[in-house]
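Sequential numbering from 1 along the given sequence is applied to the chain's residues.
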Amino acid sequence: MKLYQYILLALAVFTLHQCQTHKRTIEVNKEIVPDTTNSPVISAAAAIKLMRVEDGFEVKLVADEPLVVAPVALTFDPRGRIWAVEMVGYMPDVNGKGEDKPNGKIVILEDKNGDGLMDDRKVFLDSLILPRAICLVDGGILVAESPNLWFYEIKNDHPGKRILVDGKYADEGNVEHQPNGLLRAMDNWIYNAKSSKRYRKIGDKWVIEDTHFRGQWGISQDNYGRLYYNDNSTNLVGDYFSPGFGATNSNQRNVEGYSERIVKDNRVYPARPTPGVNRGYMPGVLDDSLRLKNFTAACGPVIYRAGLFGAEYDFNAFVAEPVANLIKRDILKEKGYIVSGEQAYSRKEFLASIDERFRPVSLYNGMDGALYVVDMYRGIIQHKTYVTPYLRDKILSRKLTEPLSCGRIYKVVPKNKQAIAVKFSEDPKALVELLGNGNGQVRDMAQQMLIDGKNKAAIPFLRAAIQSTSQPLRAIHAMWVLEGLSALQTNEVLALLKAETWPLRMQALSVLPSVINGTSYRYYMDALAQLLHENDELAAPYIAYAANYIKPFNAEGAQSLLISLVKKYPNNPYVSSAVLSGLVHSEEVFANSIAYLLPDTNLRINKQLTELITRVRNSQKNKDPLIQAKLYPKGAALFAFSCQTCHAADGNGVNSLAPPLNKSEWVTGNKEKLISIVLYGLTGPVKINGHVYESPEISGDMPGIAHSEEISDDDVAQVLSFIRGSWQNNAGKVSIEEVGKVRKRHKGREKAFTIEELQAK
């Protein structure tokens, strides 16, 4: 027996002993009765027997403790190995004390004997504080360890040179509200959830660009590189258009076609009573059988594109809900620009467990076609910032704090099909062939291998593939590989712009920012004008986005394209938004230029322009934020930590998350009501300046911070003083005494306020 096997055996015995101290006897071979008074730790084999999965499918174990502990994310390498992120330090107890200990790891798991179970573990990195995401790229690995994003060279499975990519990757928000994901998308950029940044390694330099703010935990893409994500109370959100467009005008609050509610039904159907949810005491949170009614911790969405499940699962989304111990399946469809979806079943889920410790936090397509499930397997899943006394009591009374040494990775497969992983070689022709594989994860891996290997020998095969439009997915990936190798030619893009198949034209339009230059822009401008002349309405928003990249070389030509677009599609909200995204500092000039052509103020283009111009003028009136930060330094820090990710740095709110604080009567008005909201939270619709904000425009709930042991009355007073004096607010400070008075009046309160309650005060 080898040394590592002795170590694993010893760890297994230790973990088993630790788990036994928390176990109650559970019968796994007969009918199981849900036990809501206590949730004992059980083995992975027993846990699988407690899962109810869709007929025709089964759950198989891939790895469990001690091979993997507290996993939160993973990725695959070309050898089929799993690189996993272990967030061991998350919530060590109900108070979250000890989260700053450097005990997180990045580990490499491998199945050496080929039986489908991982049997080898290597620690690639240790001594990390709450690591949250990784991405293999260009012979190295990106590692997100707040507040930094690091790039490590990989040398024989060991970390080599370390480079700081972004020192402010996650310098705002608590653990639940910090960037994560690091999805290497089809367009060769790396995107995140809970972030408005994207990353790309070009040569030896890392490039950081602004993009749309997306989601909360987890991010995925479909076959055409469009992104999908969600927030904790939302089933599925996503983009109708390619991810690289539409984020250039910071004053444009909503860009139509981005951050759209793809599936609006947020109902969930747990297999067991779930009293241990943070707001379980509130009416409407649990049903009569004490089961969660709607998403409260939606996360880790994935668009299934691995092929093994069958045609009816193509373009399906799977969404994890760790609080309700389940995984939901949504069926998506596409019509024109719009992607929409509905839940696959009524009153049941794709997978649900009666084991409360089953905590699926991330989902992935596997290169064998399976759906991979990352199970953190623990009692506590809510972060300390938002733990209410109700939830604290549930955790302590049912002994959910320990152990913290468990973790599982599963895969879901059809019973009648074999899940066999594709073998990758370095042969360029073979890799190009894999760009047309039926498994999207395999296509992505082949694309990345060709780019990371700087495989110039593949270029002739790629040029042949891009011309074979009868295999559109292969042609699309070949185009993006050529883009990644800086070898994509103008004539190849122009040919795709004329393709009969819309996805090919869409990808050609999406790649234009990379290929438009001082020589080629003339040809692309003519091609865009031709698409406009041919009434290609699907292409119209892309033409508007592309015009922004022509502007530096021919401003007059770009302006002509935009005017032609709004004349032809004045009521198309997606075209209007796309046009406005490129009008940075020229909104009023453009409004004047179309005033005589489109005088009707009810047209969508004019409505959106008026709203944007108003926002620009308002932003110019905002105060210098540094002044308030100097007056209330702790308040500014707390705002960045707890408020900014939802309400935005400019106080104008984030679409689908939270309403504006800037010029809100709830901020500038009665102090007691504002203090009450911040301490105890707010649920339901809220009316601000005549507009009712409610789901899905915002999340239905704002958590309170009254129960956090780390936030004092002084902190609350400072953050409210900071908010009441920032932007265009001028409402005066809040004192410690005023906060203490409200806290004393509502001592013992757990539930969030409603607007009706506050108005009655």
Side-chain angles (χ1 to χ4, degrees), residues 168 171-173 195-197 208-214 245-259 544-545 548 551 562 573 576-595 601 604-632 635-636 639-640 643-669 674 686-691 693 697-698 719-732:
K168 294 185 176 181
D171 62 343
E172 301 165 358
S195 171
S196 59
K197 294 178 182 179
I208 306 174
E209 286 189 355
D210 291 331
T211 184
H212 298 276
F213 185 91
R214 294 181 170 98
F245 291 121
T248 50
N249 195 331
S250 60
N251 287 305
Q252 191 177 11
R253 184 170 186 265
N254 302 321
V255 182
E256 300 281 352
Y258 290 92
S259 296
Y545 288 129
N548 193 44
K551 190 183 298 183
L562 295 179
S576 297
S577 268
V579 169
L580 267 56
S581 73
L583 299 181
V584 183
H585 306 309
S586 61
E587 294 89 350
E588 295 194 49
V589 173
F590 188 80
N592 292 333
S593 68
I594 65 169
T601 56
R604 291 299 292 265
I605 181 62
N606 286 329
K607 284 185 175 181
Q608 288 192 22
L609 257 175
T610 299
E611 180 182 342
L612 179 58
I613 289 169
T614 300
R615 288 178 63 82
V616 171
R617 291 174 177 172
N618 282 337
S619 69
Q620 292 169 347
K621 299 176 184 177
N622 284 351
K623 302 171 187 174
D624 183 351
L626 294 179
I627 295 175
Q628 293 300 309
K630 288 179 180 178
L631 289 173
Y632 308 107
F639 178 78
C643 314
Q644 183 169 307
T645 49
C646 292
H647 291 283
D650 62 2
N652 287 320
V654 175
N655 189 36
S656 84
L657 287 179
L661 301 174
N662 187 19
K663 298 192 298 183
S664 166
E665 61 266 39
W666 293 98
V667 172
T668 59
L674 177 62
V686 57
K687 190 175 183 179
I688 298 175
N689 295 325
H691 179 78
Y693 291 88
E697 186 178 6
I698 61 169
V719 75
L720 294 183
S721 298
F722 173 80
I723 291 169
R724 282 167 60 88
S726 292
W727 314 300
Q728 293 175 57
N729 297 334
N730 190 25

Novice: Is any side-chain heavy atom of L580 less than 4.5 Å from a side-chain heavy atom of I605?
Specialist: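 They are in contact (side-chain heavy atoms under 4.5 Å apart), so the answer is yes.
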
Novice: Answer yes or no: is there a donor N or O on one side and an acceptor on the other, between the side chain of N652 and the main chain of N662, under 3.5 Å?
Specialist: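 Side chain of N652 to backbone of N662, a donor-acceptor pair under 3.5 Å: no, none is there.
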
Novice: Is it the case that the side chain of W727 and the backbone of A649 share a donor-acceptor pair, with hydrogens and angles ignored and the cut-off at 3.5 Å?
Specialist: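 Checked: pair present.
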
Novice: What side chain to side chain donor-acceptor pair (under 3.5 Å) pairs are there with at least one residue in residues 605-617, not counting sequence neighbours?
Specialist: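 Residue pairs passing side chain to side chain donor-acceptor pair (under 3.5 Å), neighbours aside: S577-Q608, E588-R617.
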
Novice: Treating R724 as the side-chain partner and G669 as the backbone partner, does any N or O pair qualify as donor plus acceptor under 3.5 Å?
Specialist: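 Here the side-chain-to-backbone pair exists.
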
Novice: Heavy atoms, side chains only, cut-off 4.5 Å: are H647 and P659 in contact?
Specialist: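 Touching, per the 4.5 Å side-chain cut-off.
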
Novice: Nearest 0.5 Å please: distance from the CG atom of N618 over to the NZ atom of K663.
Specialist: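 Reported to 0.5 Å precision, the distance equals 3.5 Å.
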
Novice: Does any N or O in the side chain of N729 come within less than 3.5 Å of the main-chain N or O of L661, such that one atom is a donor and the other an acceptor?
Specialist: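 At least one qualifying donor-acceptor pair exists.
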
Novice: Can you find a heavy atom in the side chain of V719 that is under 4.5 Å from one in the side chain of C643?
Specialist: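 Heavy-atom side-chain distance check passes, below 4.5 Å.
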
Novice: Closest approach of G653 and A648, non-hydrogen atoms and distance?
Specialist: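 Heavy atoms of G653 and A648 come nearest at O-CB, 3.8 Å.
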
Novice: Any donor-acceptor pair under 3.5 Å linking the side chain of S576 with the backbone of P573?
Specialist: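 No; zero donor-acceptor contacts below 3.5 Å.
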
Novice: So with a 6.0 Å cut-off around CG of N689, is the heavy-atom count from everything else above 12?
Specialist: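 Above 12, so yes.
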
Novice: In the structure I gave you, are the side-chain heavy atoms of I723 and L674 within less than 4.5 Å of one another anywhere?
Specialist: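 SC-SC contact between I723 and L674 ruled out.
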
Novice: Return the set of residues passing side chain to side chain contact (heavy atoms under 4.5 Å, CB included) with S250 (not counting sequence neighbours), or none when no residue passes.
Specialist: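 Applying side chain to side chain contact (heavy atoms under 4.5 Å, CB included) to S250 gives none.
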
Novice: In terms of relative ring orientation, are F722 and F639 parallel, tilted or perpendicular, with 30° and 60° separating the classes?
Specialist: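 F722 vs F639 ring planes: tilted.
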
Novice: With the side chain counted from C-beta on, respond yes when F213 and S259 share a heavy-atom pair under 4.5 Å apart, and no when they do not.
Specialist: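 In short, these two side chains do not touch, never coming nearer than 4.5 Å.
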
Novice: Indicate whether the side chain of N249 and that of E587 have a donor and an acceptor atom separated by less than 3.5 Å.
Specialist: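 Their side chains do contain a donor-acceptor pair, which is all the 3.5 Å distance test asks for.
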
Novice: Rounded to the nearest 0.5 Å, how far apart are OG of S581 and OH of Y545?
Specialist: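 One finds 5.0 Å between OG of S581 and OH of Y545.
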
